[in-house]
Structures are given as C-alpha cells and as structure tokens.
Number of protein chains: 2
Amino acid sequence: MDTPASADREGISRIERMCIERGLKMTGQRRLIARVLSESEDHPDVEELYRRAVAQDSRISIATVYRTVRLLEEKGILERRDFGGGRARYDQADRGQHYHLIDVDTGKVIEFADPRHREIAQEIAARLGFELVDHRLELFGRRFPEGQAPATPRRPGKPQDDEA
Amino acid sequence: MDTPASADREGISRIERMCIERGLKMTGQRRLIARVLSESEDHPDVEELYRRAVAQDSRISIATVYRTVRLLEEKGILERRDFGGGRARYDQADRGQHYHLIDVDTGKVIEFADPRHREIAQEIAARLGFELVDHRLELFGRRFPEGQAPATPRRPGKPQDDEA
DNA sequence: GTACTTGCAAATTATTTGCCTGCCC
DNA sequence: GGGCAGGCAAATAATTTGCAAGTAC
C-alpha cells in the first residue's frame, strides 16, 4: 500500500521493479528470474536459479539465466560472489555491506556485518597509496563442538546455503 | 652453508627440499616446477608456471603442472588463491599470514599483513558460534591520482602480478 | 516494425583423467 | 623390477556465443 501508483499491482517483484527503473525490456523469462531472485533469501548459483525458475515455468533455458544474471550484475542489481565451490553465486546488491561466514562442514552460508573491516581495509589501502574500491572477506569456520565432533574436517566443500 | 649435509648441493631449490622432506618422489618435472616456484616472487597461475617451466625444459606437459600444483597444495607447500581472474593462482604456504591488494587498473597484486583482521575475524566467528578455520581478504584499490587519471575505472580485470 | 531476446547446440576455458609408456627408489 | 609419474588426448564442468526465430515497446 505504499508503492508508487504505476507499479502498485501485485505480481511485480522488487527486482523486476529495479529492472524497469533501469529501462530493461521485461520479457516473461526476465520477469520470472526477477521473481525467483526476489523470493530468494540465500545465495543461489545459476544452476539453482534455473531449477527454481523451471519449476514455475518450463519455457526457459539455462543460457537465458546465465545471460540475465550477467545483465543484472552489469546493471548493479546483483553481485557475483565466489564461495569457493567452483560456481558463481548471486547476492542482491542493495542489501548493504555485509560479509559471509561459510560453515566448512555443512557448506551453509551465514551473513554478518562489521564496520571495522572496512575501516581497516581503507586505512591499509591508503597506507599503500591506494583508494579502496572494493574488498572481499570470507570466513571459514566450524561450529564449536558442543554436541559431537564433525565427520569431515576438510577444506570448504561445495557451499550450499542457509535456507533463511 | 647452513643446510643439512644431505641436501647441501647447489641446485636444490627450497621447494624441492620441502618436497623431499614430505617424502615425494622427485622426478625431473617436479624438480623443475619446484625450482620455478622457488624463484617466483609473484602469484603465477598454472599457465604461467607452465610457460616458465617449458622455457627451461620442453619435456613437460601442462597436465603435469596441474597435477603437481595440486599435489603440492595437498602437501601444504602451496596455497591456491583466487584473485577473480577465472584461474587459480599459487602462493607459497609458508610465507606467513598475509593478504592481497589488487590494483583494479593494472591487475598488479601487492601483499600486506595486518594482524587486526584475523583478530576481528576470530572474534566474529566466535560470536556466531564458530571456530575460525580460515579466512580470505582481498582489497581492490586504485592508485591515488597523483599523476593522471586512469583509463578504465572498471571492476578488477584479469589480475596480472607484481614482478617482485 | 525493428532491435532486442531466447532456445538450442556448438564453442570456449580451466581443469581433470584414462591409458599406456617410462623412470625413480 | 614394480609401482608411481608423465604425456597425450579425450572428458568434464562452468559459462559463453552464433544463429534463426520470437517478442517487447
């Protein structure tokens, strides 16, 4: 009840609205991907996005998903992430500065924020003669053993993701 | 003049010594790769390692380079890095905790150390209920404009590397 | 109507692997 | 001497692209 009149109809997802604002031509496929993304609370890879999209409408190909996430990244709507699983994962770009902790045993991804990192990063860049343009930080951790010991104490396996 | 008698001959590279210590069978190819790595001050990718190796002895294939860096990584001699160029880059594992700043205009990589990041990372992990197993931090920066403005203010291009 | 999108399949890129031969310990 | 290592080429895996046909504005 608080959106501008022109886009007040139900069924317009948050990301679709952002696409429209940026003047993208909205096709059925793009609308679908936009909706899937808007409803995702996690960090899906392309394969996963494709799976969720096909489930709603089979008339989409994975090549289109690849093309669309790339487009949305160029438009600043998505950010590409690398959690070390060999596939790119996507994150909405306007969720504010945050980082990720990956559970090395389960692959789950937990978000957190902490302004100190940026400050220190900025200071270090300056000391080296640079203006900080961007920075990435990922933590890999193991849940404290409060129950039993985990089975595979290895390097981060294919990250899955938290469901919320 | 301070190395153990058994490996005192010139021509034994630092990394070859580490391989021997870990009981690896030393072939001509592995010795060559070890030497190339020992002489590298930067963060070469496999292709680059292969180029440097073939230049010294053409009887090596890129598959062997792939197999060898993987082996050395498993043995804890090398660390695989991802600077966002789509290829894995390698770093000697025993150089102590350090991070990288990538110049977004030139792709050059600069190393730096700062203990605060680890401390904060550890603290955050603990707050989230995790033991910190590993962490990655990369800064992307642009040299302060003290001469002229850079040409392409874009996202990090294929990282090259500092030559020293 | 026309330029932009899509689907499909083929192309690319980075990396791994099968297999048979060769060489290190 | 026997098993691990290496070369070569084919196999994977993720992602991109050419092209003909469809569609948004």
Side-chain angles (χ1 to χ4, degrees), chain A residues 6-7 11-12 16-17 19-34 36 43-51 53-54 56-75 78 80-90 155 157-159, chain B residues 6-7 11-12 16 19-34 36 43-51 53-54 56-75 77-78 80-90 155 157-159:
Chain A
S6 66
I12 302 237
E16 178 176 352
R17 195 146 16 226
C19 291
I20 294 170
E21 281 165 14
R22 274 154 241 234
L24 294 182
K25 189 183 285 190
M26 289 315 290
T27 66
Q29 288 86 331
R30 288 185 180 174
R31 224 183 306 276
L32 175 52
I33 295 170
V36 167
H43 308 82
D45 58 34
V46 169
E47 195 104 32
E48 178 60 27
L49 281 175
Y50 175 62
R51 246 178 271 124
V54 186
Q56 301 199 232
D57 186 337
S58 60
R59 288 166 307 172
I60 190 170
S61 89
I62 195 163
T64 299
V65 181
Y66 271 107
R67 280 191 270 235
T68 304
V69 292
R70 178 179 251 256
L71 177 69
L72 298 193
E73 196 200 352
E74 281 162 9
K75 292 296 179 180
L78 292 183
R80 187 201 304 255
R81 302 275 184 171
D82 165 33
F83 294 156
R87 296 133 95 117
R89 318 258 312 243
Y90 289 88
R155 59 164 41 240
K158 307 258 170 181
Chain B
S6 65
I12 301 239
E16 179 176 353
C19 291
I20 294 169
E21 281 165 14
R22 276 154 241 233
L24 294 183
K25 185 187 288 190
M26 289 315 290
T27 64
Q29 289 87 331
R30 288 186 180 175
R31 223 182 307 275
L32 175 52
I33 295 171
V36 167
H43 308 83
D45 58 36
V46 170
E47 196 104 30
E48 178 60 27
L49 281 176
Y50 174 63
R51 246 177 272 125
V54 188
Q56 302 200 231
D57 186 337
S58 62
R59 289 165 306 172
I60 191 171
S61 89
I62 196 163
T64 299
V65 181
Y66 271 107
R67 278 192 270 236
T68 304
V69 291
R70 178 180 251 255
L71 177 68
L72 298 194
E73 196 201 352
E74 281 162 9
K75 293 296 180 180
I77 296 173
L78 291 183
R80 189 202 303 257
R81 302 274 184 171
D82 166 33
F83 295 154
R87 296 132 97 118
R89 318 257 312 242
Y90 289 88
R155 58 164 42 241
K158 307 258 170 181

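Letters A, B, ... are given to chains in the order of the sequence lines, protein chains preceding strands, and every chain is numbered from 1. Side-chain atoms are counted along with the backbone in the values below, which use heavy atoms only and exclude waters and symmetry mates.
Panel note: side chain A/Arg31, backbone A/Met26; a donor-acceptor pair is recorded below 3.5 Å. In this structure, the side chain of A/Arg89 does not engage the main chain of A/Phe83 through any donor-acceptor pair within 3.5 Å.
For the side-chain contact (heavy atoms from CB on, under 4.5 Å) with B/Val65, the lone residue among B/Val46, B/Val36, B/Val54 that qualifies is B/Val46.
Atom NZ in B/Lys25 sits about 8 Å away from atom C1' in C/dC23, given to the nearest Å. One can place CG of B/Leu71 at 12 Å from P of C/dT16, the figure rounded to the nearest angstrom. Between the CG atom of A/Asp45 and the C1' atom of D/dT15 there is a distance of 12 Å, rounded to whole Å. Separating the OH atom of A/Tyr50 from the C1' atom of C/dT6 is a distance of 13 Å, rounded to the nearest angstrom. Rounding to whole angstrom units, CE of residue A/Met26 and P of C/dT6 are separated by 9 Å. Per the geometry, CD belonging to A/Glu47 stands 10 Å off C1' belonging to D/dA13, to the nearest Å. Atom pair B/Ile60:CD1 and D/dG7:P shows a separation of 6 Å (rounding to whole Å applied). A/Arg22 has its CZ atom 20 Å from the P atom of C/dC4, to the nearest Å.
In terms of phosphate contacts, B/Arg70 brings a side-chain nitrogen or oxygen within less than 4.0 Å of OP1 or OP2 of C/dT16. At D/dC4, none of the side-chain N or O atoms of B/Thr27 fall inside 4.0 Å of OP1 or OP2 (strictly under the cut-off). In this model, the phosphate group of D/dT16 is not approached by any side-chain N or O of A/Tyr66 to a distance below 4.0 Å at OP1 or OP2. Between A/Thr64 and C/dT5 there is no side-chain N or O to OP1 or OP2 distance below 4.0 Å. Of the side-chain N and O atoms in A/Gln29, one or more sit less than 4.0 angstrom from OP1 or OP2 of C/dG7.
Counting distance only, with no hydrogens placed and no angle test, the side-chain atoms of A/Arg67 and the base atoms of C/dG7 include a donor-acceptor pair under 3.5 Å.
Toward the 5′ end of DNA chain D lies the nearest nucleotide of B/Arg30, the other residue of the pair A/Gly28 and B/Arg30 mapping further downstream.
In this structure, the nucleotide among D/dC8, C/dG7, C/dC24 sitting nearest to the side chain of B/Ala63 is D/dC8.
Counting only heavy atoms from C-beta outward, the side chains of B/Leu49 and B/Thr68 never approach each other to under 4.5 Å.
The existence of a salt bridge linking B/Arg70 and B/Glu73 is excluded, since no basic side-chain nitrogen approaches an acidic carboxylate oxygen closer than 4.0 Å.
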